[in-house]
Undergrad: 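Here you go, one structure.
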Amino acid sequence: MSGTHSSSLNAARRARELAGLPGESPVDVLVIGGGVTGTGVALDAASRGLSVVLAEKHDLAFGTSRWSSKLVHGGLRYLASGSVGIAHESAVERGILLSRTAPHLVRPLPQLVPLLPGVSGPAAALVRAGFAAGDLLRLSARTSHHSLPRSRRVTRAEVQRLAPTVRAEGLRGGLLGWDGQLTDDARLVVALARTAAAHGARVLTRCAAEDVTGGGAVLRDRLTGQATQVDARMVVNATGVWAGGLAPGVSLRPSRGTHLVLPRSAFGDLATGLMTPVPGERNRFVFALPADERRVYVGLTDEETGGEIPDVPRASDSEIGFLLETISTALRAPLTRRDVLGTYAGLRPLLDSGSGRSADVSREHAVLTAPDGLVTVVGGKLTTYRRMAEDALDAALARSGVVAGPCRTRRLPLVGAGNRAELAGVAAPDRLVRRYGTEAAAVLDGAAREEGATEPIADGIPVTRAELLFGLRHEGALDESDLVDRRTRIGLSTADRERALPAVTETLGRIRV
Ligand SMILES: Cc1cc2nc3c(=O)[nH]c(=O)nc-3n(C[C@H](O)[C@H](O)[C@H](O)COP(=O)(O)OP(=O)(O)OC[C@H]3O[C@@H](n4cnc5c(N)ncnc54)[C@H](O)[C@@H]3O)c2cc1C
């Protein structure tokens, strides 16, 4: 990892950096929001040599960034709507994440469309054409088929091997395409924040920005209530669906997307993403994605929302019913609510273009500069965070007249990144390498003196005390929720969350940072 600072984030560093703020004003860049966009901006700015403060009201990845499908898209969906530029940009960013910046957190995921009677010949031809276009996109982005294999037709027997619970009657085989999948979205955000910290960024969680202008903001420490004025040469508002509350001219039209969390056993040993067309809709699928910890995520809905923006959105009963019903059309036996371990919902930060249903609003990102110089970056998606950050910072630099070097993030590995050979050589279980990359051995070493630290914290929950300690010492976790809901994703299962809490609380009590 480059940079002269430590990448470790913890309560002691936070307190020290907060206390030092008054003496350091003005900073070059104040970034507001600790999701994928804000941490991306902080890394971009810090790696160009600028002094950076990032303020996050709650915790890293508290907002939309932890509620995604955890896919690193090649942009096929955008191609389908004729947005060739966005599709290409997405495919390029996918390649960067897969091969350079985060190969430890991103891997190829096969996605299968079983050809069942509900998929007509013309509909299958359309999917085939889409996958072929996806291959072209991959080629245009110079991502080799060693990183992401070509799409292909698969036999009926292969479908049954990859997705054992798919219904057999009328099955004619399947179509298989490939995309990128994150181990976890919140872990990408934490890796970005820590890499920014390694370049000197001050990453301050539990700090809400108030009275925001293009020249600074008041940061309120939510742990003590203390307020500190921070002046900045550039201020970037990266608060996602909350952006309109800080920048009055910005209008968003959030739409809710819901996922269900099921045990892998409910799908046999599902080895691929499973895509089921939504009856009566063209080019819309409900998918089941195999994830770590033997879980499957089933998504996705697109529901317009209005009114107050909740801190944590909730899935509606009808969304749960719709997802179960639609995915079950491809299965031998229908799934029921009893199979569901948990649900999660996020709000897409879509710009209000004033027309159409929410699903038609552009996913392209926007950088908006207010008359006072406040730069707001909004829209886009997780996959394109790096490009969004680059565009936002370039706009802020142009407006402020501050001189800095060119963007470096295209070639900047995040903490834990390594090439496939380096990752294969890490002396730690696979499960940890997929979450911590080259740091996996350090996660274990750091807890070597703690008795039982490498044992699961509860029956059936593979997370170890070593990971909790690493979260507190190096990943900026401050309380139980940071650990169960973001550094680990135990909390995605309601029952697991309850069972894990005693061990988490006990670890917090023991911690000496
Ligand atoms: C259901 C769903 C599925 C998705 N799936 C994918 C996918 O598979 N792949 C993909 O590429 N993209 C996906 N996306 C899109 C992607 O998740 C979002 O575009 C992205 O996470 C937005 O990140 P952000 O940092 O802009 O916003 P957020 O993650 O919401 O971050 C904003 C942060 O600002 C903080 N904040 C708010 N107000 C203040 C304040 N006053 N002071 C300080 N901090 C503040 C919040 O606490 C929050 O942490 C999905 C989106 C949804 C909703």
Side-chain angles (χ1 to χ4, degrees), residues 30-42 53-75 77-78 86 89-90 93-94 97 106 109 179-182 184-186 188-189 192-193 203-212 217-222 230 235-247 252 254-259 273 287 289 297 299-303 305 309 311-313 315 319 343-351 358 363-366 376-389 392 486:
L30 171 62
V31 184
I32 305 170
V36 74
T37 312
T39 54
V41 174
V53 168
L54 180 146
E56 161 56 49
K57 186 173 178 181
H58 302 277
D59 180 28
L60 296 170
F62 182 86
T64 302
S65 296
R66 68 174 152 144
W67 304 129
S68 80
S69 309
K70 297 139 192 25
L71 290 173
V72 177
H73 293 295
R77 169 176 184 155
Y78 305 104
I86 308 176
E89 180 179 295
S90 216
E93 294 300 326
R94 177 183 64 183
L97 278 159
V106 185
L109 174 77
D179 218 335
Q181 185 185 33
L182 280 160
D184 185 56
D185 43 14
L188 174 67
V189 175
L192 280 162
V203 177
L204 305 173
T205 57
R206 305 295 195 291
C207 277
E210 300 172 356
D211 303 330
V212 179
V218 172
L219 301 193
R220 187 168 302 278
D221 179 349
R222 288 166 51 93
V230 174
V235 180
V236 179
N237 170 19
T239 52
V241 279
W242 294 276
L246 278 70
L252 293 171
S255 110
R256 188 176 60 242
T258 286
H259 291 84
F287 49 74
L289 304 173
Y297 303 136
L300 180 67
T301 60
D302 199 332
E303 295 283 314
T305 58
I309 296 170
D311 279 354
V312 178
E319 287 176 294
T343 64
Y344 68 89
L347 298 176
R348 299 175 181 85
L350 305 181
L351 262 184
S358 62
R363 257 75 168 173
E364 198 175 6
H365 66 267
T376 295
V377 52
V378 76
K381 55 198 155 65
L382 209 110
T383 309
T384 52
Y385 80 85
R386 196 205 60 77
R387 183 60 196 272
M388 293 170 69
R486 289 168 292 275

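Numbering of ligands and ligand atoms starts at 1, following listing order. Just so we're clear, the structure is a prediction, and the values are computed from it rather than from any experiment.
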Undergrad: Quick one: does Val241 get within less than 4.0 Å of ligand 1, heavy atoms only?
TA: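 No; Val241 lies far enough from ligand 1 that no heavy-atom distance drops under 4.0 Å.
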
Undergrad: Under 4.0 Å from ligand 1, counting heavy atoms only, is it the side chain of Leu347, its backbone, both or neither?
TA: backbone

Undergrad: Please state which protein non-hydrogen atom is closest to atom 26 (O) of ligand 1 and give its distance, to 0.1 Å?
TA: Thr37 OG1, 2.7 Å

Undergrad: Among all protein heavy atoms in this structure, tell me which lies nearest to atom 14 (N) of ligand 1, with the distance rounded to 0.1 Å.
TA: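 Answer for atom 14 (N) of ligand 1: Ser68 CB, 4.1 Å.
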
Undergrad: Using distance alone, determine whether His58 and ligand 1 share an N or O pair under 3.5 Å.
TA: no

Undergrad: Yes or no on side-chain contact (heavy atoms from CB on, under 4.5 Å) for Leu347 and Leu252, after CA distance, side-chain angles and deciding distance?
TA: CA-CA 11 Å; Leu347 298 176; Leu252 293 171; over 6 Å; no

Undergrad: Considering only non-hydrogen protein atoms, determine which one is nearest to atom 30 (O) of ligand 1 and report residue, atom name and distance to 0.1 Å.
TA: Thr64 N, 2.9 Å

Undergrad: Does Phe62 form a side-chain contact (heavy atoms from CB on, under 4.5 Å) with Thr205? I'd like the steps, not just the answer.
TA: CA-CA 10 Å; Phe62 182 86; Thr205 57; over 6 Å; no

Undergrad: State the atoms of ligand 1, each with its element, that fall below the 4.0 Å cut-off from a heavy-atom position in Ala208.
TA: 42 (N)

Undergrad: What do we get for Ala55 next to ligand 1 when only non-hydrogen atoms under 4.0 Å count, side chain, backbone, both or neither?
TA: backbone

Undergrad: Would you mind checking if Arg387 and Glu93 are paired as a salt bridge, meaning a charged N to carboxylate O distance below 4.0 Å?
TA: no

Undergrad: Measure the spacing between OG of Ser69 and CZ of Phe287 and express it to the nearest 0.5 Å.
TA: 3.5 Å

Undergrad: Donor-acceptor pair, Thr305 side chain versus Arg256 backbone, under 3.5 Å?
TA: no

Undergrad: Minimum distance, heavy atoms only, to atom 47 (O) of ligand 1: which one of Glu56, Arg348, Lys57 is it?
TA: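 When every heavy atom of Glu56, Arg348, Lys57 is considered, Glu56 comes closest to atom 47 (O) of ligand 1.
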
Undergrad: Which bit of Trp67 gets closer than 4.0 Å to ligand 1, counting heavy atoms only: side chain, backbone, both or neither?
TA: backbone

Undergrad: Measure across Asp302 and Ser255 and return the closest heavy-atom pair with its distance rounded to 0.1 Å.
TA: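 Distance-wise, the nearest heavy atoms are OD1-OG, 2.7 Å.
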
Undergrad: Could you check atom 41 (N) of ligand 1 against the protein and tell me its nearest heavy-atom contact, residue, atom and distance included?
TA: Ala209 O, 3.2 Å

Undergrad: Taking only heavy atoms of Gly257 into account, list the atoms of ligand 1 that are under 4.0 Å away from them.
TA: 1 (C)

Undergrad: At a 4.0 Å threshold, what atoms of ligand 1 neighbour a non-hydrogen atom of Gly380?
TA: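 That gives atoms 19 (O) of ligand 1.
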
Undergrad: Side chain, backbone, both or neither: which part of Ile32 comes within less than 4.0 Å of ligand 1 when only heavy atoms are counted?
TA: side chain

Undergrad: Going through the checks in order, is the side-chain contact (heavy atoms from CB on, under 4.5 Å) test met by Asp184 and Lys70?
TA: CA-CA 6 Å; Asp184 185 56; Lys70 297 139 192 25; 3.9 Å; yes

Undergrad: What's the spacing between His365 NE2 and Ile86 CD1 if we round to 0.5 Å?
TA: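 Reported value, rounded in 0.5 Å steps: 9.5 Å.
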
Undergrad: Consider every N or O of Ser255 and every N or O of ligand 1, then say whether any pair is closer than 3.5 Å.
TA: no

Undergrad: Are a donor atom and an acceptor atom from the side chains of Lys381 and Ser68 found within less than 3.5 Å of each other?
TA: no

Undergrad: Are any of the N/O atoms on Thr258, whether in the backbone or the side chain, positioned under 3.5 angstrom from an N/O atom of ligand 1?
TA: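 The answer is no, given that Thr258 and ligand 1 share no N or O pair closer than 3.5 Å.
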
Undergrad: What is the closest protein heavy atom to atom 19 (O) of ligand 1, and at what distance does it sit?
TA: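 Result: Lys381 CA, 3.2 Å.
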
Undergrad: Just heavy atoms, cut-off under 4.0 Å: does Cys207 contact ligand 1 by side chain, backbone, both, or neither?
TA: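 For Cys207, the contact with ligand 1 is made by the backbone alone.
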
Undergrad: Number the atoms of ligand 1 from 1 as they appear, then name those within less than 4.0 Å of a heavy atom of Leu300, with their elements.
TA: 1 (C)

Undergrad: Is His259 in polar range of ligand 1, meaning some N or O pair under 3.5 Å apart?
TA: no

Undergrad: Of Thr383, Asp179, Thr384, which is the lone residue that meets side-chain hydrogen bond (donor to acceptor under 3.5 Å, both in side chains) with Arg94?
TA: Asp179

Undergrad: Give the residue, atom name and distance (to 0.1 Å) of the protein heavy atom nearest atom 11 (O) of ligand 1.
TA: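 Checking every protein heavy atom, the shortest distance to atom 11 (O) of ligand 1 gives Thr383 OG1, 2.6 Å.
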
Undergrad: Which residues pass the ring-ring contact (aromatic ring centres under 6.0 Å, His included) test with Tyr344, sequence neighbours left out?
TA: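 Applying ring-ring contact (aromatic ring centres under 6.0 Å, His included) to Tyr344 gives Trp67, His259, Tyr297.
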
Undergrad: Which residues pass the salt bridge (charged side-chain N to carboxylate O under 4.0 Å, His left out) test with Arg206, not counting sequence neighbours?
TA: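 Only Asp479, Asp482 meet the salt bridge (charged side-chain N to carboxylate O under 4.0 Å, His left out) criterion with Arg206.
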
Undergrad: Among all protein heavy atoms in this structure, tell me which lies nearest to atom 9 (N) of ligand 1, with the distance rounded to 0.1 Å.
TA: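 Result: Leu71 O, 2.7 Å.
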
Undergrad: When you look for heavy atoms under 4.0 Å from ligand 1, do you find them on the side chain of Lys70, its backbone, both, or neither?
TA: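 The answer is the backbone.
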
Undergrad: Backbone or side chain, does any N or O of Val36 fall under 3.5 Å from an N or O of ligand 1?
TA: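 Yes.
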
Undergrad: For residues Thr39 and Ala193, report the shortest heavy-atom separation together with the two atoms involved.
TA: CG2-CB, 3.8 Å

Undergrad: Provide, to 0.1 Å, the distance between atom 10 (C) of ligand 1 and the closest protein heavy atom, together with that atom's residue and name.
TA: Leu382 CB, 3.4 Å

Undergrad: May I ask you to check if ligand 1 and Trp242 share an N or O to N or O distance below 3.5 Å?
TA: no

Undergrad: Strictly below 4.0 Å, N to O, side chains only: are Arg66 and Asp185 in salt-bridge contact?
TA: no

Undergrad: I would like to know whether Leu300 and Thr258 meet side-chain contact (heavy atoms from CB on, under 4.5 Å); could you show each step before the answer?
TA: CA-CA 5 Å; Leu300 180 67; Thr258 286; over 6 Å; no

Undergrad: With respect to Leu97, which candidate in Leu182, Val106, Leu382 satisfies the side chain to side chain contact (heavy atoms under 4.5 Å, CB included) definition?
TA: Val106

Undergrad: Regarding atom 32 (C) of ligand 1: of the candidates Thr239, Thr301, Val31, which has the closest heavy atom?
TA: Thr239

Undergrad: Working to the nearest 0.5 Å, report the span between SG of Cys207 and NZ of Lys57.
TA: 12.5 Å

Undergrad: Below 4.0 Å, non-hydrogen atoms only: which portion of Ala238 touches ligand 1? Side chain, backbone, both or neither.
TA: backbone

Undergrad: Ignoring hydrogens, just give me the one of Gly35, Ser65, Gly245, Gly240 whose non-hydrogen atom is nearest atom 22 (C) of ligand 1.
TA: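 Heavy atom nearest to atom 22 (C) of ligand 1 belongs to Ser65.
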
